[in-house]
Amino acid sequence: SDLLGVSEVADTKEERAMEAIKANIDNYVDEHATTKDALAKAIHISRSSFYDKLKGKRPWMLEEVINLAAFMGCSVNDLLTVPESATATA
C-alpha cells in the first residue's frame, strides 16, 4: 500500500484530466456542429478507441492530446482544464 497517498493523488489528477478532456470535447462538438466521430478521424484513432477514452476505459496518449488540442484550436493546458460550464453544474 502507498503510505504517502501518492498513487491516490495521481489517480485524482488523471481522473480530473480525463473529465476535462471529455467536457471540452462535448463543448467543442456542441459549439462547432461537428461529431465525436469527426474528432476521432481528425486525430487518426478509431471511433471505438476514441469512445473508450471518453469513457475512461483507455488512457489518452500525449500525442493524441496534442493533436486534439491543435485540431480544436486550443492549448493542451486548456484541453486539460475543466471548463467553468462543467464545474458550475457539477
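Just so it is clear, the model here is predicted, and its values are computed rather than measured. One is the number of the first residue; the rest follow in order along the sequence.
Cluster annotation: V29 and M18 are assigned to the same hydrophobic cluster (Ile/Leu/Val/Met/Phe/Trp/Tyr, side-chain heavy-atom contacts under 4.5 Å, transitive). When the side chains of ILVMFWY residues are joined at heavy-atom separations under 4.5 Å, either directly or via intervening members, W60 and V82 end up in two distinct hydrophobic clusters.
At distances below 3.5 Å, at least one donor-acceptor pair connects side-chain atoms of N24 with backbone N or O atoms of L79. Under a 3.5 Å cut-off, the side chain of N67 and the backbone N or O of E63 do form a donor-acceptor pair. Distance alone, capped at 3.5 Å, places no donor-acceptor pair between the K22 side chain and the L54 backbone.
Atom CD1 of residue I43 and atom OG of residue S49 lie 8.0 Å apart, to the nearest 0.5 angstrom. Residue E31 holds its CD atom at 9.0 Å from CE of M72, rounded to the nearest 0.5 Å. Note that CZ of F71 is 11.0 Å distant from NZ of K41, once rounded to the nearest 0.5 Å. Summarising the geometry, atom NZ belonging to K57 is positioned 10.5 Å from atom OG belonging to S48; distances are rounded to the nearest 0.5 Å.
The shortest non-hydrogen separation linking A17 to L80 is CB-CD2, 4.0 Å. Pairing each heavy atom of M61 with each of K53, the nearest pair is N-NZ, 4.3 Å. The two residues T81 and A20 make their nearest non-hydrogen contact at C-CB, 3.6 Å. Considering every non-hydrogen atom in both P83 and A23, the closest pair reads CD-CB, 3.7 Å. Across all non-hydrogen atoms, the minimal contact from R47 to A40 is CA-CB, 4.3 Å.
With contacts defined as side-chain heavy-atom distances shorter than 4.5 Å, the pair I25/F50 qualifies.
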